[in-house]
Protein chains: 2
Amino acid sequence: MPETLIPTAASAVPPRASSIRPPRPTPRSRVVGENSTLLYEGGRNRSLYRVVDGCIVLSQLLDDGRRQITDVLGPGRLFGFTVDGRNIATAETLSIARIEPLGDADLNATNPTVASELKTTLQRMQVHATLLGRKTASEKVASALVELARLFNRTGRNGAPARLGFHLHLTRADLADWLGLTVETVSRCLNRFKREGLIDFSHPKTMRVLDPERLEATAGFTRHRTGDAARP
Amino acid sequence: MPETLIPTAASAVPPRASSIRPPRPTPRSRVVGENSTLLYEGGRNRSLYRVVDGCIVLSQLLDDGRRQITDVLGPGRLFGFTVDGRNIATAETLSIARIEPLGDADLNATNPTVASELKTTLQRMQVHATLLGRKTASEKVASALVELARLFNRTGRNGAPARLGFHLHLTRADLADWLGLTVETVSRCLNRFKREGLIDFSHPKTMRVLDPERLEATAGFTRHRTGDAARP
DNA sequence: CGCCGGATTGAGTGACGTCAATTACTGTGG
DNA sequence: CCACAGTAATTGACGTCACTCAATCCGGCG
């Protein structure tokens, strides 16, 4: 099946008509079910996709099964980069996701949009490396919450962001694999933050940030020695 | 001083005439001294450089001084990527280094060479994220040795690679900051490997791999679920 | 209601970090 | 060439943060 995106699992969920309303149907955009591994391929070069809606993570495995989630993608992000025709990472959907293949004109990494996405991705990866290598468990979990809140900020019906509530698409295990921790440690941190009034959640996936300042302080701050590239 | 590369430290070492013989002087290539922080900038867009020779690392800091080395660059690699005109990371030389600014035609990220470099860098970052998040201290140190051996493989006078000897440009502290460990742990691992006959070193920076197979086995193996993009 | 996967919680342990003392290098000045 | 100072590396003793193991709880679903 050339040119198609091939989910391995249950996949291709026919969305209950109400739950997803196509936000102005994009040419050839597709809906993929939760928990599918995306073996995106595509004859010639058709490997780049844009996340329109939902949450997709990129991951790698060690041969004994240890998993590292290397990036968490939300609306707008691209995935499917290749080196020598091989995908760089495995992509999995953590929610029903809508994705859209990039048009032929955009497939090339020399496309400005793609090039720019590559650079910001690189930057995110570097910040995450610092988190993985140098932050404590609490700092890691706090950082994750800050980032996910930004990424999946629930917009109220008026279009304005609701008061810092967001849907956590990741399970505790996913968070652990993203942050280089164990499920138990993630759980303990989250519940400590809850006791301390930084966040709140009744359902494990429905997060609300109560004290953004203190949460961000707990997350720590990344900098690097100066270096404006263009200018004064 | 527009358009120049500005080292902060002692810098601009006038190389003792013998120690560096320009390998056919590249247009506008420069020699930078050891242990300089490179505040590369450059009026318009002049921010991309290629490492011709030597070792340069990219790093980030947390506000309390914890450091993470996000990438180690050897001959051929590019550095100086920017997002919104800001450098993504700080670059420091770990040896006397020869670098070469990319020509005007190449400055843009849409240049195929640059785009391709961005992708392989992204891939390296992902593999390193897995190392940081999921590998043990021993696996980390072994992985580092394997990678650095490849990167700085000392070529014998006949041009063929000498028997797995290489110069370790990083100090124990640099290794620690790259691998997310402490100096002491790095040192213990290295000396254990030495006792076990995997490697040897008399001088702390002069490494030799004695048993490549066992070293690579100790390093562990990264994979990710399949996914040829362009395909049979 | 009973099952099952995810999440929480507690108790105990171990890998790696911290602290401190010693040794090995490197460079400088006499 | 040697003395000395300063930094890097090693090594040991000890402490702790996060992992492991295990029990329990909770929520969604047949």
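Each chain gets a letter, A, B and so on, in the order the sequences are listed, and its residues count up from 1. Just so you know, these numbers use all the heavy atoms, side chains as well, and skip hydrogens, waters and symmetry mates.
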For this session: Measure the acute angle between the ring planes of Tyr49(B) and Phe79(B), then classify it against the limits of 30° and 60° as parallel, tilted or perpendicular.
Result: parallel

For this session: Mark up nucleotides 19-30 of chain D, 5' to 3', with B wherever a protein heavy atom is under 4.0 angstrom from a base atom, S wherever such an atom reaches only the sugar-phosphate, and - elsewhere.
Result: SBBB-----S--

Exercise. Under the side-chain hydrogen bond (donor to acceptor under 3.5 Å, both in side chains) rule, what pairs show up with a residue in residues 192-204 of chain B, not counting sequence neighbours?
Worked result: Ser138(B)-Arg192(B)

For this session: Measure from CZ on Arg192(B) to P on dT10(D) and round the result to the nearest Å.
Result: 13 Å

Exercise. Is Arg66(A) salt-bridged to Asp64(A), going by a charged N under 4.0 Å from an acidic O?
Worked result: yes

For this session: Using chain A heavy atoms and a threshold of under 4.0 Å, write down where along DNA chain C the contacts begin and end, 5' to 3'.
Result: dA7(C) to dA11(C)

Exercise. Could you give the distance from NZ (Lys205(B)) to NE2 (His167(B)), rounded to the nearest 0.5 Å?
Worked result: 5.0 Å

Exercise. Can we say Asp177(B) and Arg134(A) salt-bridge, meaning some charged N sits less than 4.0 Å from an Asp/Glu carboxylate O?
Worked result: yes

Exercise. Can we say Glu100(A) and Arg30(A) salt-bridge, meaning some charged N sits less than 4.0 Å from an Asp/Glu carboxylate O?
Worked result: no

Exercise. How long is the line joining CG of Asn35(B) and C1' of dG6(D), in whole Å?
Worked result: 15 Å

Seminar exercise, completed: When rounded to whole Å, the CG to P distance for the pair Leu170(B) and dA8(D) reads 14 Å

For this session: Output yes when Arg67(B) and Glu92(B) qualify as a salt bridge under the 4.0 Å nitrogen-oxygen rule, no when they do not.
Result: yes

For this session: May I ask you to say whether Asp63(B) pairs ionically with Arg223(A), meaning some side-chain N is under 4.0 Å from a carboxylate O?
Result: no

